[in-house]
Amino acid sequence: MNYYLMLLIFALVSIINSYLDFKTFHISLTLNYSGLILCLLLLLIGKSPELVNHIAGGVCLFLFLILVRCISHKGLGWGDIHYSTRCGFVAGVPGFIVCTFISSIAGIIFFLSLKFLFKRKNAFELRIPFIPMMFIGNIIGIPVTNCVLSLL
């Protein structure tokens, strides 16, 4: 029950932050971390055996996207990296890999659509809100991961 409540909180905060990212290229860090703390409390109250798995997912994805930011010369914003902590936390260790892959594919599709729509020759002129892509990646990736893990 607490896991589904955690997913609901994740979805509500993600919808608000996705809207903000589309409109302003900024997110509410207060809302982001309030949602993360609330999800953490839900897992603590429910004495979830998966708590360490969720924390590890958040930390791993956070560190991975910091590495991507360094390699891509600030291609990702800090809001994306902060939001990734919540995505990794909700998805857990095996799930964050699937969710990140799906998010990346969604980002590439969105980028190419905008590139051809606006006919920009220089790809660096386009700024893309990545929070909605990460949200889509988690919405698709979590059920896929859970199905695969249940088959194993």
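The chain is numbered in sequence order, starting from 1.
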inquiry  = Is it the case that over 12 heavy atoms from other parts of the model lie below 6.0 angstrom from the CZ atom of F22?
reply    =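 Yes, CZ of F22 has more than 12 neighbouring heavy atoms, counting only those of other groups under 6.0 Å.
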inquiry  = How about CZ on F64, more than 12 heavy atoms from neighbouring residues, nucleotides or ligands closer than 6.0 Å, or not?
reply    = no
Please say yes or no: joined through hydrophobic side-chain contacts below 4.5 Å, possibly via intermediate residues, are [X] and [Y] part of one cluster?
{"X": "L5", "Y": "I45", "answer": "no"}
{"X": "I27", "Y": "Y19", "answer": "no"}
{"X": "V52", "Y": "V93", "answer": "no"}
{"X": "L76", "Y": "F25", "answer": "no"}

Starting at [atom1] of [X], measure out to [atom2] of [Y] and round the result to the nearest 0.5 Å.
{"X": "L42", "Y": "I37", "atom1": "CG", "atom2": "CD1", "answer": "12.5 Å"}
{"X": "F96", "Y": "C99", "atom1": "CZ", "atom2": "SG", "answer": "10.0 Å"}
{"X": "L112", "Y": "L117", "atom1": "CG", "atom2": "CG", "answer": "12.0 Å"}
{"X": "S72", "Y": "L67", "atom1": "OG", "atom2": "CG", "answer": "9.0 Å"}
{"X": "N17", "Y": "Y83", "atom1": "CG", "atom2": "OH", "answer": "7.0 Å"}

Is there a side-chain contact between [X] and [Y], using heavy atoms and a 4.5 Å cut-off?
{"X": "Y4", "Y": "L8", "answer": "no"}
{"X": "I66", "Y": "W78", "answer": "yes"}
{"X": "M6", "Y": "L43", "answer": "yes"}
{"X": "D80", "Y": "D21", "answer": "yes"}
{"X": "P129", "Y": "F110", "answer": "yes"}

List the atom of [X], the atom of [Y], and the distance in Å for their closest heavy-atom pair.
{"X": "P94", "Y": "N53", "result": "CD-OD1, 3.9 Å"}
{"X": "I9", "Y": "C39", "result": "CG2-SG, 4.0 Å"}
{"X": "S84", "Y": "L65", "result": "CB-CD1, 3.2 Å"}
{"X": "F10", "Y": "R86", "result": "CA-NH2, 3.0 Å"}

Y33: partners by ring pair (Phe, Tyr, Trp, His ring centres under 6.0 Å), with sequence neighbours left out =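 Expected list: H82.
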inquiry  = If we check side-chain contact (heavy atoms from CB on, under 4.5 Å) with L31, which of these qualifies: L36, L12, I16?
reply    =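 Checked L36, L12, I16 against L31; only one passes side-chain contact (heavy atoms from CB on, under 4.5 Å): I16.
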Report all side-chain donor-acceptor pairs from residues 130-152 shorter than 3.5 Å, counting only partners two or more places apart or in another chain.
| from | atom 1 | to | atom 2 | distance (Å) |
| --- | --- | --- | --- | --- |
| N138 | ND2 | C87 | O | 3.1 |
| T145 | OG1 | G141 | O | 2.7 |
| N146 | ND2 | I142 | O | 3.4 |
| S150 | OG | N146 | O | 3.3 |
| S150 | OG | C147 | O | 2.8 |

